[in-house]
Amino acid sequence: MQLESVTLRHIRMNLKSPFSNSLETVTARDLIIVEVRDSEGEVGFGEGVAFTSPWYTEETLQTSWHMLRDFIIPKLKNQLIAHPSDVEGILAGIRRNPMAKSAIEGAIWDLYAKREGISLSRALGGSSQKIKAGVAVGASDPSVMLEEIHRRVDEGYERIKVKIKPSQDISILEAIRHSYPNLSLMADANSAYSLQDIDRLKALDPFHLLMIEQPLAADDIVDHAILQKEIETPVCLDESIHSYDDARRALDLNSCKIINIKPGRVGGLSVSKRIHDLCSERGIPVWCGGMLESGIGRAHNIALSSLANFTIPGDVSASARYWEKDIIEPEVEVENGLITVSKENGIGYEINWQELERVTVSKEVY
Ligand code: MG
């Protein structure tokens, strides 16, 4: 493959309702849509998931745009790319910036699969025809959270994740377990605790959570190992894992029993697949986390989630969970708690150009 042109779009999509965690409230989602075109006119799409401010990781939409425009696109446009797994090596001289790298690597995977006439799922080695849908419920007033959980359970979601923080953990989990003693329930703390809160975290054991996600610092794998020894609830790492080696070290230290794989956070689909394979060898289940993606990023997550060791339902939800209208056709739908993995070429969804143009804030072609 040789990239003929790369188009970057800054899009802004309004969420149906604001989404809050222990750190931030998101009301409108700004994203980068990457469109790569080869010399034969075939096109692939990817998504840059950095937020507009650096609350989740250090990357922002603006830093991703800068890295893509000034470093990543110039490197990739001068290369013959035999396979998308070569992208990681071509970009090896650029430190970190995984979300910027993942945005274009995902587009190159889509382009590759379309050129081969196969689905992205098949290109990645996926085997599942349907994946289990999970949903995240943002932090808000407990009655609002409970009302939303009722609605999501009615909609068929197999796994509910709630955002917690020290001022709202035991109380909300008690209320949920009162109504749903057997619900597949997990809690995401987005680093709201420290080792000094160990007794409070031990007090969550009786709720039989599927896992607690990222209780401690975003850059830590040592304290998490100490915590995991002390609590029964399995620890899942999210923010701490930025690369294959981060995952390997965390597993070597027993810092977690589960890993949440987000292609944007680890630098792309190729790394995601390698982390998946490593976890599979070590008997560690994985799931695919959500970043409030548009349909394009969501389609990539569905294809990734079709790999065999994605045994825990992820944050992969229906388009209608977040958007009045998505930028893909058809939109992603959940039926009986399941999402069908597309067999169509590439990401398996068409672009809704009218909607994509409507949400575009700015566009540049390189
Ligand atoms: Mg998380």
Side-chain angles (χ1 to χ4, degrees), residues 15 18-26 29 31 47 49-51 53-59 98-99 102 132-140 145 148-149 152 157 159-166 168-169 172-173 184-194 197 201 204 209-221 223-224 227-228 231 233-243 246-247 250 255-267 272 275-276 279 284-293 297-298 300-301 304-305 310 312-317 321-322:
L15 284 160
F19 189 84
S20 299
N21 59 35
S22 63
L23 299 165
E24 184 73 336
T25 295
V26 181
R29 183 65 167 116
L31 295 158
E47 183 164 312
V49 295
F51 291 92
S53 69
W55 63 268
Y56 174 72
T57 65
E58 67 276 19
E59 289 183 273
M99 290 180 188
S102 175
K132 287 180 184 167
V135 72
V137 174
S140 61
M145 289 176 77
E148 181 173 355
I149 290 167
R152 301 304 173 203
Y157 285 101
R159 184 227 70 183
I160 302 284
K161 160 166 142 181
V162 288
K163 297 288 188 176
I164 58 163
K165 49 192 172 185
Q168 194 183 60
D169 49 13
I172 188 70
L173 294 174
S184 184
L185 177 68
M186 56 177 285
D188 186 3
N190 293 100
S191 304
Y193 299 84
S194 75
D197 300 310
L201 292 165
L204 305 185
L209 299 175
L210 194 57
M211 71 193 84
I212 181 165
E213 188 181 348
Q214 197 70 38
L216 309 179
D219 58 358
D220 168 74
I221 55 171
D223 287 354
H224 278 104
L227 174 68
Q228 182 66 92
I231 64 173
T233 309
V235 170
C236 170
L237 291 178
D238 174 356
E239 284 91 328
S240 296
I241 308 297
H242 293 274
S243 65
D246 282 350
S255 309
C256 62
K257 292 181 180 169
I258 298 167
I259 290 183
N260 162 354
I261 300 179
K262 293 177 177 171
R265 198 191 63 237
V266 300
S272 298
I275 295 173
H276 162 276
C279 289
I284 297 286
V286 301
W287 56 281
C288 182
M291 291 287 289
L292 308 175
E293 289 91 347
R298 201 166 297 275
H300 285 263
N301 289 349
L304 180 65
S305 300
F310 279 85
I312 299 174
D315 289 336
V316 190
S317 314
R321 154 75 180 90
Y322 296 105

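Position 1 is the first residue of the sequence; numbering continues from there. Read the numbers this way: they start at 1 and go in the same order the structure lists the ligands and their atoms.
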Next on the checklist: Looking at every heavy atom in both I259 and C236, which two are closest together, and how far apart are they?
Outcome noted: C-SG, 4.0 Å
Item to check | Pairing residues for F310 by the ring pair (Phe, Tyr, Trp, His ring centres under 6.0 Å) criterion, not counting sequence neighbours | outcome: H276
Next on the checklist: We want to know whether S240 and Q214 form a side-chain donor-acceptor pair, criterion being a heavy-atom distance below 3.5 angstrom.
Outcome noted: yes
[Y]/[X] salt bridge by N-O under 4.0 Å criterion:
X	Y	answer
D238	R265	yes
D315	R159	yes
E213	K163	no

Checklist entry - Are there any protein N/O/S atoms under 2.8 Å from the Mg ion (ligand 1), and if so, which? => result D188 OD2, E213 OE2, D238 OD2
